[in-house]
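One structure below.
Each chain gets a letter, A, B and so on, in the order its sequence line appears, and its residues count up from 1. Note that the structure is a prediction, hence the values are computed from the model and not measured.
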Amino acid sequence: MSTATLNNQSKAVVHRWSQTLIPTTREAPSDAVMPSHIFMTRAGYIRPVGSGIYNYLPLAWRSLQKISAIIREELDAAGASEMLMPALMPMELYKDTKRDQNYGDLLFQLNDRHGRATALGPTHEEVITDLMCGCLTSYKQFPLNLYQIQTKFRDEARPRAGLLRCREFIMKDAYSFHLQLDGDAGLNHTYDKMYQAYTNIFTRCGLDFSPVEAEAGPIGGSASHEFMVNCENGEDTILVCPESGYAANVEKAEIGNRPHNWDQAATSEVTKHHTPGMPGIALVAEHLGTNAAGMLKTLVMRTVEDEPKWILAVVRGDHDVNESKVRDAVGASVEMADEKESIAAGFVIGYVSPKMLDKTEVTMVIDPDAINHGSWATGADEKDHHITGFNWSRDLPSAKDKAIVADIRNAEAGDPSPRADGVSLEAKRGIEVGHIFKLGTKYSEAMGLSVLNKDQKKTPVIMGCYGIGVSRTLASCIESSHDDNGIIMPAAIAPYHVHIVTIKPNDEGVLDHAFTLAQELAESGLDVLVDDRNERPGPKFKDADLIGIPLRIIISSKAIEAGEVEFKRRTDQGKAGMVSRSEILQTCLDAIG
RNA sequence: CGGGGUGUAGCGCAGUUUGGUUAGCGCAUCUGACUGGGGGUCAGAAGGUCGGAGGUUCAAAUCCUCUCACCCCGACCA
């Protein structure tokens, strides 16, 4: 009783299986594919309502609350304050940042009874920036870091994998405000503190994760890191350098130095080929007697400026152009050019070759790997035609002077590491559970958030934002921690610490004994579930494995007579061991750590 | 948004090709008895707008048209 009464946050929790809702099933829904989805459904954690919409049943909700509690502790310790913003927001808020367009269909939109355009919040940069416009009036108020844990809505094109990609999900989002980048009050300091807080949070949740450099995406801003749970089934690809520890999302990963040489010997003449009706570079390559790596892919892009410029991005046929890298190479944001406009400007979309460099006003950026070969197949700048035998120095000598050579493609496993000579990048899969951004002044400038500084000068506010997918964290935990029999929950976020299984609960004293023990454990701060159902032992053990509570105590009349109980960790194989009744509390406390 | 697939009891499925008793099976559920250490046995019971609408027919789960929902792959995606 002592510890519990001293710190009033823990009230003894003992739940009876028979009086809560844990609808386990023997078989998984046929459409579930991912282990976390299958087991969370079978173990009675979640039930679907619609595509990407789930009920969180008591077990899931208890875990989510524990994850939330860890987040709160770490963020409060890092100097952030919790608040709550509405999920419902007027579309007008998005006007200045144009995210109603940038987010597009991802934004859930609705009209209220007056016909006012309204959205369900996918994230809250605009709401909080708008709030701060009215609250932040002095430089003395900085820095400030606010967060909320809330349901978010995104109309995903393809919800999938249970809780891993939902249309309605639980997220922690935090926003920090600064007047400078450096120093104790600066963005960089808070960013580092949040990075550390995230590391603490995911470590405490018992996850195997990696922080990686990331692309800022439509949120915008400069630096950005993602926290990835290492998991084969993950949607994201990350590239790591085994030597230097460099790790980055595939969208962001730099590629180490790749020498290039324009003066490759030509091995054949330029020949034109008729290649009608061949969708995809692989088909064309096959027809031309080569493969994708023997072709040049030339993408027509435009800069996003008041007076857009044409950009030709050239990569090897088997590589993918990375828009952000093109942006960095040309010094302006770029987007894929509109097909009609491109055609009007003379680009034969689908058959564009680098030779357009000499035919029109265009900036060409080229990846080194697209240079180092003497004989390329590429488009013929003519509908339904390709050429083979293209040689840079012979057929387009101007490229050497005019083209920008830069890393503009997505990195792949085997590419040289950008941080260690002679070392190759390795590919791993991950699930993104956290993402932090240095936003800079993107939102504050768009929405007019500024204050007077000490020198009475108007200064735009510098922002950071920091997200954690709370429901996704739970799913990713199960995704990486389960066996054939079910979930293996880490103690820190398990719905209960201890699962007491009663054998023959109708026998004299068994239930009483179970509840007395449960109460004792609970008063020492452990959360306890008692399986009091009048079931045979088999199904109860199966269910216990399935829901994955870390510690199991088995109570039977036999053991009671011997003054013992049986004790087993979820991770233990085989039969449970005997522990004397007087020592079981300490055994549990030690096991939970 | 493109491609593929599936909708029959709470869950998993058969039946649809070739229209024809009262739409079946396993698990789960309820009652009773026997049981009791890794998804029991026996006996009984309950549970269905066959996703929906329209059509063809003497007759539709089955054929036709439309539609809705869900899943998978891809595109997309803090």
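Taking the nucleotide of RNA chain B with the nearest heavy atom to each of Gly469(A) and Thr25(A), the more 5' of the two is matched to Thr25(A). Checking Phe169(A) against Phe541(A), the closest nucleotide of RNA chain B that is more toward the 5' end is the one next to Phe541(A).
Nucleotides U18(B) and U31(B) have their P atoms positioned 47 Å apart, rounded to a whole Å. Straight-line distance between the C1' atoms of U8(B) and G26(B): roughly 15 Å, to the nearest whole Å. With C1' as the reference atom, U56(B) and C73(B) are 37 Å apart, rounded to whole Å. One C1' atom belongs to A23(B), the other to U62(B), and the distance between them is 11 Å to the nearest Å. Rounded to whole Å, the C1' atom of G48(B) lies 30 Å from the corresponding atom of G4(B). Comparing the C1' positions of A60(B) and G54(B) gives a spacing of 13 Å, expressed to the nearest Å. Distance check on atom C1': A14(B) versus G24(B) gives 7 Å, rounded to whole Å. For the C1' atoms, the distance linking A43(B) with G5(B) amounts to 42 Å, nearest Å.
Listed nucleotides: C11(B), G39(B), C72(B). Nearest to the side chain of Val33(A): C72(B). When each of G37(B), G38(B), C70(B) is scored by its nearest atom to the side-chain atoms of Ser51(A), the top-ranked nucleotide is C70(B). Comparing G36(B), C76(B), G39(B) by their closest approach to the side chain of Ala157(A) singles out C76(B). Side chain of Glu156(A), nearest nucleotide from G37(B), G40(B), C77(B): C77(B).
Between Arg533(A) and Asp543(A) a salt bridge is recorded (basic side-chain N to carboxylate O distance below 4.0 Å). In summary, Arg167(A) and Asp155(A) engage in a salt bridge, as defined by a charged side-chain N under 4.0 Å from a carboxylate O. Remark: Glu156(A) engages Arg165(A) in a salt bridge, criterion side-chain N to carboxylate O under 4.0 Å. Under the 4.0 Å criterion applied to side-chain N and carboxylate O atoms, Arg581(A) and Glu564(A) are not assigned as salt-bridge partners. A salt bridge does not link Arg42(A) with Glu27(A): every distance from a Lys NZ or Arg NE/NH1/NH2 to an Asp or Glu carboxylate oxygen is 4.0 Å or more.
Put simply, the side chain of Ser556(A) and the base of G37(B) share a donor and an acceptor less than 3.5 Å apart. One can find a donor-acceptor pair under 3.5 Å joining the base of G26(B) and the side-chain atoms of Glu27(A). One cannot find a donor-acceptor pair under 3.5 Å joining the base of G74(B) and the side-chain atoms of Arg160(A). A donor N or O paired with an acceptor N or O is not found under 3.5 Å between the base of G37(B) and the side-chain atoms of Lys568(A).
Judged by the 6.0 Å distance and 45° axis criteria, Lys152(A) is not positioned over the aromatic ring of Phe169(A). For the pair Arg16(A) and Phe515(A), the distance from NZ or CZ to the six-membered ring centre is under 6.0 Å and the angle to the ring normal is within 45 degrees.
A donor atom on one side chain and an acceptor atom on the other are found under 3.5 Å apart for Gln148(A) and Asp173(A). With 3.5 Å as the limit, one finds no donor-acceptor pair spanning the side chains of Lys504(A) and Asn534(A).
Using the Watson-Crick or G-U wobble rule with both distances under 3.5 Å, C63(B) pairs with G55(B). In a base pair of the Watson-Crick type (N1 to N3 plus N6-O4 or O6-N4) or a G-U wobble (N1-O2 and O6-N3), with each distance short of 3.5 Å, G38(B) is matched with no nucleotide. When both pairing distances are held under 3.5 Å, U29(B) makes a Watson-Crick or G-U pair with A45(B).
Listed by first then second residue, pairs satisfying salt bridge (Lys or Arg N to Asp or Glu O under 4.0 Å) with a partner in residues 463-486 of chain A read Asp483(A)-Arg570(A), not counting sequence neighbours.
Heavy atoms of Ala544(A) sit nowhere under 4.0 angstrom from any nucleic acid atom. Here Arg533(A) lies out of heavy-atom contact (under 4.0 Å) with every strand. Residue Glu235(A) is classed as having no contact, given no heavy-atom separation below 4.0 Å to the nucleic acid. In this structure, Asp105(A) reaches neither bases nor backbone, as no heavy-atom distance under 4.0 Å exists between it and the strands shown. Within the 4.0 angstrom heavy-atom criterion, no nucleotide atom of any strand lies near Pro23(A). Nucleic acid contact class of Pro537(A) (heavy atoms, under 4.0 Å, all strands): sugar-phosphate only. Within the 4.0 angstrom heavy-atom criterion, base atoms lie near Ile554(A). Using a 4.0 Å heavy-atom distance criterion, Asn249(A) is classed as making no nucleic acid contact.
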Any N/O pairs under 3.5 Å between the protein and nucleotides 3-10 of chain B? List them or say none.
none

Polar atom pairs between nucleotides 28-32 of chain B and protein, under 3.5 Å, N or O only, would you list them?
none

All N/O pairs under 3.5 Å across the protein-nucleotides 44-47 of chain B interface:
none

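A straight line from CZ of Arg167(A) to P of A69(B) spans 9 Å, rounded to a whole angstrom. Rounded to an integer number of Å, the gap from CG of Asp320(A) to C1' of G74(B) is 13 Å.
For the pair Ala214(A) and Lys252(A), the tightest heavy-atom approach, listed with the atom from each and the gap, is O-CD, 3.6 Å.
Using cut-offs of 30° and 60° on the angle between ring planes, the pair Phe153(A) and Phe108(A) is perpendicular.
Against RNA chain B, the stretch residues 144-155 of chain A makes heavy-atom approaches under 4.0 Å through Arg154(A). Only Ile503(A), Lys504(A), listed by number, bring a heavy atom of residues 503-513 of chain A to less than 4.0 angstrom from any atom of RNA chain B.
In this structure, Asp105(A) places its CG atom where only 12 or fewer heavy-atom neighbours from other residues, nucleotides or ligands lie under 6.0 Å away.
Contact between the side-chain N/O atoms of Arg158(A) and the OP1/OP2 oxygens of C72(B) is found at a separation under 4.0 Å.
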